[in-house]
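Comments concern the structure below.
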Amino acid sequence: MEALAELERVQTQLLKRISELEKQNQNHSTPSTDSPIVDEADTVTRLSSILRSNAVNDFSFKRVPPDYYDWSLEARRDALAAHSIQHLCKSIVLVNTQAPANVVDCSDRKNSKYYVVVVQYTARFNAEAVKNFLYSLNNGSIAKKKFNMRLAPEQTSTDLTGYGHNAVTCIGMKTDIPVILDEAIVKLTPDFFWLGGGEVDLKLGIRTSQLIRFVNPFIVNCSGS
């Protein structure tokens with residue numbers, strides 16, 4: 001009987017030890033819900049680093065509500081504390097659908113397959129003006145019919161920039177796409193405007209002169225009000 005009691009005692013200790021080891025394994029494999037994992041390479045951090053490293057210091061990021069794009073321009077202006085609705089801008093990706101067969105990327109900024117154009121929300125974009133500008137930029141060496149600028153498909157835009165719909169910005173793009181800045185934006189007073197910030201609910205306000213110095217865009221009169 002004493003041998004049987006001793007065996008039961010040993011078995012009980014073993015089971016207790018196994019239970020303790022299982023609990024330890026669970027604690028090591030399951031992250032604590034009290035300490036959420038923070039992605040230190042988030043959009044604001046990444047873009048802020050890019051801007052500051054290129055001598056752009058006058059900028060600001062602001063989060064907006066999910067229904068931001070359902071709002072009037074006046075409501076968006078107020079949410080961002082922008083100076084006017086003319087200071088609200090967007091970045092769009094254009095593709096030259098008639099580019100020669102050898103023009104397939106953005107390696108030649110004077111004759112690129114794609115361009116990012118920054119325009120005001122209040123403006124009426126004029127693709128013909130961009131076409132004429134590019135024709136003149138190449139001194140007429142490329143036939144004008146070889147320029148036909150159209151809005152790039154959404155998936156193409158995402159693949160090239162790394163940003164989705166309503167999130168496109170000309171800062172920190174996946175591809176080094178030449179940028180065209182509408183002349184009307186350059187004439188704004190004060191020279192601080194808002195555009196997409198890399199996420200749908202993130203907006204970037206930036207000093208125009210500093211953006212121009214960093215991005216080196218083509219400044220083109222390519223819109224009407």
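In this text, all values refer to a predicted model and were calculated from it rather than measured experimentally.
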> If you draw a 6.0 Å radius around CG in D78, do more than 12 non-hydrogen atoms from other residues or ligands fall strictly inside?
Replying inline: yes
> Roughly how far, to the nearest 0.5 Å, is the CG atom of N221 from the CG atom of N126?
Replying inline: 8.0 Å
> Are V168 and I92 close enough that some pair of their side-chain heavy atoms sits under 4.5 Å apart?
Replying inline: no
>> Contact between T158 and K174 at the side-chain level, heavy atoms closer than 4.5 Å - yes or no?
In response: no
> What is the distance from atom NZ of K110 to atom OG of S141, rounded to the nearest 0.5 Å?
Replying inline: 9.0 Å
> Just wondering, do K131 and N148 contact through their side chains at under 4.5 Å, heavy atoms?
Replying inline: no
>> Using modelled atom types and a 3.5 Å cut-off, is there a donor and acceptor pairing between side-chain atoms of T169 and backbone atoms of G198?
In response: no
>> Tell me the closest heavy-atom pair linking Q210 and A55, and the distance in Å.
In response: OE1-O, 4.0 Å
>> Grouping I, L, V, M, F, W and Y whenever their side-chain heavy atoms are under 4.5 Å apart, do F61 and V64 come out in a common cluster?
In response: no
> Please walk me through it: do T208 and F193 pass side-chain contact (heavy atoms from CB on, under 4.5 Å)?
Replying inline: CA-CA 7 Å; T208 313; F193 71 98; 3.4 Å; yes
>> Any donor-acceptor pair under 3.5 Å linking the side-chain atoms of S107 with those of D105?
In response: yes
>> Quick check on side-chain contact (heavy atoms from CB on, under 4.5 Å): which of C106, P178, S157 does Y114 satisfy it with?
In response: C106
> How long is the span from the SG atom in C170 to the CD1 atom in I177, to the nearest 0.5 Å?
Replying inline: 10.0 Å
> Are F214 and V179 connected, step by step, through hydrophobic side chains (Ile, Leu, Val, Met, Phe, Trp, Tyr) whose heavy atoms are closer than 4.5 Å?
Replying inline: yes
>> Any side-chain to backbone donor/acceptor pair from D191 onto K187? Under 3.5 Å, distance only.
In response: no
> How close do L195 and S91 get, heavy atom to heavy atom, and via which atoms?
Replying inline: CD1-OG, 3.7 Å
>> So which atom in K203 and which in E199 form the shortest heavy-atom distance, rounded to 0.1 Å?
In response: NZ-O, 4.5 Å
> Can you check side-chain contact (heavy atoms from CB on, under 4.5 Å) on L151 and F125, steps first, answer last?
Replying inline: CA-CA 11 Å; L151 191 66; F125 174 64; over 6 Å; no
> Would a distance-only check, ignoring hydrogens and angles, find a side-chain to backbone donor-acceptor pair under 3.5 Å from R46 to G172?
Replying inline: yes
> Any sub-3.5 Å donor-acceptor pair from H87's side-chain atoms to P190's backbone N or O?
Replying inline: yes
>> Please find the pair of heavy atoms, one from I185 and one from V118, that lie closest to each other, and give the distance.
In response: CD1-O, 3.4 Å
>> In the structure I gave you, are the side-chain heavy atoms of T156 and V95 within less than 4.5 Å of one another anywhere?
In response: no
> So is R76 actually on top of Y121's ring, under 6.0 Å and inside 45° of the axis?
Replying inline: yes
>> Run the side-chain contact (heavy atoms from CB on, under 4.5 Å) test on F59 and R52 for me, step by step, so that the C-alpha distance in whole Å, both residues' side-chain angles and the decisive distance to 0.1 Å come before the verdict.
In response: CA-CA 9 Å; F59 65 89; R52 290 195 181 99; 3.9 Å; yes
> How long is the span from the CD1 atom in I85 to the OG1 atom in T122, to the nearest 0.5 Å?
Replying inline: 6.0 Å
> Do V130 and F147 come within less than 4.5 Å of each other through their side chains, counting heavy atoms only?
Replying inline: no
> Is V56 reachable from I50 through a run of I, L, V, M, F, W or Y residues, each pair having side-chain heavy atoms under 4.5 Å apart?
Replying inline: yes
> I206, L80: one ILVMFWY side-chain cluster at the under-4.5 Å cut-off?
Replying inline: no
>> Check whether Y135 forms a cation-pi arrangement with K144 (NZ or CZ under 6.0 Å from the six-membered ring centre, at most 45° off the ring normal).
In response: yes
>> I need the I142 CD1 to Q98 CD distance, nearest 0.5 Å.
In response: 13.5 Å
>> I'd like to know if R63 and D201 make a salt bridge, using a cut-off of under 4.0 Å between side-chain N and carboxylate O.
In response: yes
> Do S223 and D182 meet the criterion of a side-chain donor-acceptor pair at a distance under 3.5 Å?
Replying inline: yes
>> I'd like to check the ring pair (Phe, Tyr, Trp, His ring centres under 6.0 Å) partners of F218; sequence neighbours left out, ordered by chain and number.
In response: F133
> Heavy atoms, side chains only, cut-off 4.5 Å: are P217 and I212 in contact?
Replying inline: yes
>> Quick check: closest heavy atoms across C222 and I180, and the distance to 0.1 Å?
In response: SG-CG2, 4.4 Å
> Which value, rounded to the nearest 0.5 Å, describes the distance between K62 atom NZ and W194 atom CH2?
Replying inline: 5.0 Å
>> Would the distance check show the side chain of Y115 and the main-chain N or O of R109 forming a donor-acceptor pair, the cut-off being under 3.5 Å?
In response: yes
>> V116 vs M173, test: side-chain contact (heavy atoms from CB on, under 4.5 Å). Steps then yes/no.
In response: CA-CA 10 Å; V116 169; M173 294 183 291; 3.6 Å; yes
>> Looking only at the side chains, is there a donor atom on one of T45 and D42 sitting less than 3.5 Å from an acceptor on the other?
In response: yes
> Looking only at heavy atoms, what is the nearest atom pair of M149 and A127, with distance?
Replying inline: O-CB, 3.7 Å
> Is there a path from V119 to L188 through hydrophobic residues (I, L, V, M, F, W, Y) whose side chains come within less than 4.5 Å of each other?
Replying inline: no
>> H165: which residues meet the ring pair (Phe, Tyr, Trp, His ring centres under 6.0 Å) condition with it, sequence neighbours left out?
In response: none
> Is there side-chain contact between R207 and N57, with heavy atoms separated by less than 4.5 Å?
Replying inline: no
>> Any non-hydrogen side-chain atom of S112 less than 4.5 Å from a side-chain atom of V103?
In response: no
